[in-house]
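We use all heavy atoms of the structure for the numbers below, so side chains are in, but hydrogens, waters and symmetry mates are not. Each ligand, and each atom within it, is numbered from 1 in the order the structure gives.
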Amino acid sequence: MISQSDTSIATIIKKEKLRQTTQLQMIPSENYASAAVRDAVGSILMNKYSEGQPNKRYYQGMKYVDELELLVEQRALDLFKLNPDEWHVNVQPYSGSPANAEILMALLKPKDKIMAMYLTDGGHISHGWSFKERPLSFASKFFTIEFYHVDQKTKVFDYDEIEKQAKKAKPNILISGGTAYPRDINHKKMGKIAHSVGAYYLADVSHEAGLVAANVNASPFKYADVVMMTTHKTLRGPRGAMIFARKILIEQIDKAVFPGLQGGPHNHTIAGIGIALSEAMKPEFKIYAKQIIKNAQTLALELKKRGYEIVSGGTDKHLVLIDLRNKDISGKIPARALEMANIICNFNTVPFDSAPPLYPSGLRLGTPAITTRGMKEKEMKKIAVWIDQVITETLEFKLPSDRKERSLFVKNAMKKLEKNKIIKQVAREVKQLTSKFLIP
Ligand code: DSN
């Protein structure tokens, strides 16, 4: 028992548990895994090394871990209704960024070209981000990157434009997916574009994995060569990832995972993934996934009614991106003020954002975790009112144009906002609401 063996760590865990219980967790990539998933991740499976693939290992003592990994692979294929003659899955990746690096290492040669979603249009760092010419990810360091963009007006992808760009750029791989694109992706078109220029199509559905599993977001499997997903977001499992690949590619993928970029698989995590996959097969999960979307759409609509600009005008999934440029404020101070009010979200860049990533113009909100607690449209309406009340209190704090003054300015603004009576009142009301909705 940690509470007896290490009171320092036990106390931190207790405090974090209280925080997760009493605040609204609205970061779209976060969720609450079930107690069964957490049991598996804390189990004795973590004691075992198992480099290699089931029945092809470099260690002895593999009988039960082989059985486990084969079972979890089978569940992954079953959940997404995949034919094992066409698809295989590797359940060993430690998380999303390593999984993406593994896919690139498997399928590309150094300097080959990746075409991916631009970061501020909702893309992901691991698809090849550079900042001020400095490569910030494995992908941008070793490959050539070309980005595609959302339409300037609709903030939605224009697939005809992507096609034209792909014809010119001739990428070796086309990637969709990321962290902040609120719309469903047209995988059919993306697959067609990729294959018309001889590229692989990688669908990174990390964010919407649970929504795809429940059939409420588009499935990429018919059109993609490789599908990557993390397991801890809408899929509600432990932190980890899975790479699904067409049979012809799986040997390269497996080799890139081990020995390419990883050592021993985290067997305890694989067991947790297996439990999450079986939970996602239940009818209740489909209801949950539908409610995630209804909640996000209600939230978007209620915020829109209050004068907030919602990127792309709404959402098809679990996330809502507010563009605060019409309020002339950065997302940084509102995100911190919302934390004071017990609402946890994150500041985020928005399409065509000229502000720097540390002081971007948006706020990103998500509904997976609060939907797990059982909240519905009624609560979303309340939450939208609170978010509006808190952001309104921050409107006077416009960031100074001199970048060097910004950090001190934010510090001083937060000192003032700490005493704000409306924010304190919202914090109390949020606490009251959260006390009625248990966490697993
Ligand atoms: N950091 C995750 C997110 O918040 O979307 C993606 O890697």
note = A student checking ligand 1 against H124 at a 4.0 Å heavy-atom cut-off should list atoms 6 (C), 7 (O)
query = How are the rings of H149 and F352 set relative to one another: parallel (under 30°), tilted (30 to 60°) or perpendicular (over 60°)?
reply = parallel
ask   = How about Y201 and Y223: are their ring centres within less than 6.0 Å of each other?
value = no
message = Check the orientation of F221 and W87. Use parallel for under 30°, tilted for 30 to 60°, and perpendicular for over 60°.
response = perpendicular
query = Nearest heavy atom to atom 2 (C) of ligand 1: which of S29, S126, P28 does it belong to?
reply = S29
query = Which of the atoms in ligand 1, numbered in the order shown and given with their element, are less than 4.0 Å from a heavy-atom of T179?
reply = 5 (O), 6 (C)
key: Mode of R364 contact toward ligand 1 - side chain, backbone, both, neither (heavy atoms, under 4.0 Å)   = side chain
task = Give the intermediate values and the outcome of side-chain contact (heavy atoms from CB on, under 4.5 Å) for residues N217 and H187.
result = CA-CA 11 Å; N217 263 191; H187 295 291; over 6 Å; no
request  = Could you tell me which atoms of ligand 1, counted from 1 in the order shown, lie closer than 4.0 angstrom to a heavy atom of H207?
outcome  = 3 (C), 5 (O)
message = Students often mix this up, so state it plainly: with edges at 30° and 60°, are the rings of F138 and F142 parallel, tilted or perpendicular?
response = tilted
